[in-house]
Amino acid sequence: MEPSNETLSSLRRALGLLRLLADGDEAGMRLKDIADRAGCGQPTAHRALRDLMAEGFVEQAAGGKRYRLALDFFVLAARAGQAGGLRELARPTLLRLSATLNDTIFLLVRNGYDAVCLDRIEGPFPIRSFTGDIGGKVPLGIGQGSLAMLAHLPEAEREAVIRFNMPRLLDRGFLDEAALRSGIEKARAQGWVNLNSGLIPGMAGVAVPVFDAQGRVVASLSIGTLAERLRDDRLPNVVAILRSEAESLGARLNPFDVALRYPSRSLSTLAS
């Protein structure tokens, strides 16, 4: 039996609402805004949303006043897309970088106001880093990988992070807000971050952002090494190699990978 026009219309409306929610704010969208953008009445939009909630694809947030995509939607999309998560997908990239550069390589992702080390390949030189081992985190703005992500966030998000994190950065010995903003502007202008700030004596690092297919920063690749190994004669080649690998990795990312929204879930699998 072929579906009726009414059934097809309801299906298309539901799919359209999923697309709207995917493009909306992470905090969710109000029913009125959803209906207006979908070009239908609020009762019609509410019925479609109710059906999507029953299937686990949509959930209510902010005391039931906003709607957003639910975890089941991302799980289904991830199964339909690339099977491997970000950590699994990036592991060959990290191994290549470590072998090519002979340094310690980090994969960082954002988790709210923090940067989390999702993976790390140890190089031959003993180093100290801000995030430490896998699972370590720092406020966004500290360290080259963290700063590379912060610099490329949308302006409103970036400003919110700066306001929240500035006291935390000062507690860790960061200079001041002017220095942070200067570093952000430099990172945005050149597309990469090179730090040798002296916060960890003798250590230096380079990082590049990783963008998804929509141009959103979702991670960073960085190296941590001895300051003497990042002099002007070596730095351009290191940056070029990192940027090439970041571009390749970004093109292969699964946009529905839960690690991009919930890094702790990927880290929890390490203990299993």
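The first residue in the sequence is number 1, and the count goes up from there.
Partners of Asp176 under the side-chain contact (heavy atoms from CB on, under 4.5 Å) rule, at least two apart in sequence or in another chain, are Ala178, Ala179. Scanning for side-chain contact (heavy atoms from CB on, under 4.5 Å) contacts around Ala38 gives Leu17, Leu20, Cys40, with sequence neighbours left out. Asp33 pairs by the side chain to side chain donor-acceptor pair (under 3.5 Å) definition with Arg30, not counting sequence neighbours. Legend: residues meeting side-chain contact (heavy atoms from CB on, under 4.5 Å) with Ala213, ordered by chain and number and at least two apart, are absent. For Asp36, the side chain to side chain donor-acceptor pair (under 3.5 Å) partners at least two apart in sequence or on another chain are Lys32. When the side chain to side chain donor-acceptor pair (under 3.5 Å) test is applied to Arg19, no partner is found at least two apart in sequence or on another chain.
The shortest distance between side-chain heavy atoms of Asp114 and Arg168 falls below 4.5 Å. At least one side-chain heavy atom of Arg229 sits less than 4.5 Å from a side-chain heavy atom of Asn102. Considering only heavy atoms from C-beta on, Ile184 comes within 4.5 Å of Leu150 through its side chain. You'll find the side chain of Ile105 stays beyond 4.5 Å of the side chain of Glu245, heavy atoms only. Residues Thr93 and Arg252 meet the side-chain proximity criterion, which asks for heavy atoms closer than 4.5 Å. Met53 is listed as a side-chain neighbour of Val58, based on a closest heavy-atom distance under 4.5 Å. Between Leu230 and Ile223, the closest side-chain pair of non-hydrogen atoms falls below 4.5 Å.
Rounded to the nearest 0.5 Å, atoms CD1 (Ile34) and CG (Leu49) are 5.0 Å apart. Between Phe57 atom CZ and Leu15 atom CG the span is 10.0 Å, to the nearest 0.5 Å. Considering CG of Leu249 and CG of Leu86, their distance stands at 6.5 Å, rounded to 0.5 Å. Here the OG1 atom belonging to Thr104 is positioned 12.0 Å from the CG atom belonging to Leu97, to the nearest 0.5 angstrom. Put simply, NZ on Lys65 and CD on Gln60 are 12.0 Å apart, with the number rounded to the nearest 0.5 Å. Taking CZ from Arg13 and CZ from Arg47, the interatomic distance works out to 7.5 Å, rounded to the nearest 0.5 Å.
The minimum heavy-atom distance between Leu169 and Leu140, with the atom names listed, is CD2-O, 4.1 Å. Nearest heavy atom pair, residue Ala227 against residue Ala204, reads CA-CB, 3.7 Å. Residues Ile134 and Arg120 approach most closely at CG1-N, 3.8 Å, considering heavy atoms. Shortest non-hydrogen contact noted between Ala45 and Ala35 is CB-CB, 4.0 Å. In this structure, Ala219 and Leu107 approach most closely via the heavy-atom pair CB-CD1, 4.2 Å. Scanning both residues, Arg243 and Trp192, for their nearest heavy atoms gives NH1-CD1, 3.7 Å.
A donor-acceptor pair under 3.5 Å links the side-chain atoms of Ser146 to the main chain of Pro139, judged by distance alone. Between the side chain of Asp119 and the main chain of Arg91, no donor-acceptor pair closer than 3.5 Å is present. Within the 3.5 Å criterion, the main-chain N or O of Leu118 finds a donor-acceptor partner in the side chain of Arg87. In this structure a side-chain-to-backbone donor-acceptor pair under 3.5 Å is present from Arg158 to Leu153. No donor-acceptor pair closer than 3.5 Å links the side chain of Ser98 to the backbone N or O of Gly123.
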- [ ] Dump the intermediate steps for salt bridge (Lys or Arg N to Asp or Glu O under 4.0 Å) on Arg163 and Glu177, then the final yes or no.
- [x] CA-CA 9 Å; Arg163 287 195 300 271; Glu177 185 173 339; over 6 Å; no
- [ ] Could you walk me through whether Arg234 and Asp103 pass the salt bridge (Lys or Arg N to Asp or Glu O under 4.0 Å) test, one step at a time?
- [x] CA-CA 13 Å; Arg234 185 172 184 254; Asp103 284 307; 3.0 Å; yes
Open item on the list: Could you walk me through whether Met29 and Tyr67 satisfy the side chain to side chain contact (heavy atoms under 4.5 Å, CB included) test, starting with their C-alpha distance in whole Å, then the side-chain angles of each, then the deciding distance to 0.1 Å, before giving a yes or no?
Closed with: CA-CA 5 Å; Met29 297 177 63; Tyr67 296 84; 5.7 Å; no
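The environment of CD in Glu157 is crowded: more than 12 heavy-atom neighbours from other residues, nucleotides or ligands sit within 6.0 Å. Within 6.0 Å of the CD atom in Glu55, the count of heavy atoms belonging to other residues, nucleotides or ligands does not exceed 12.
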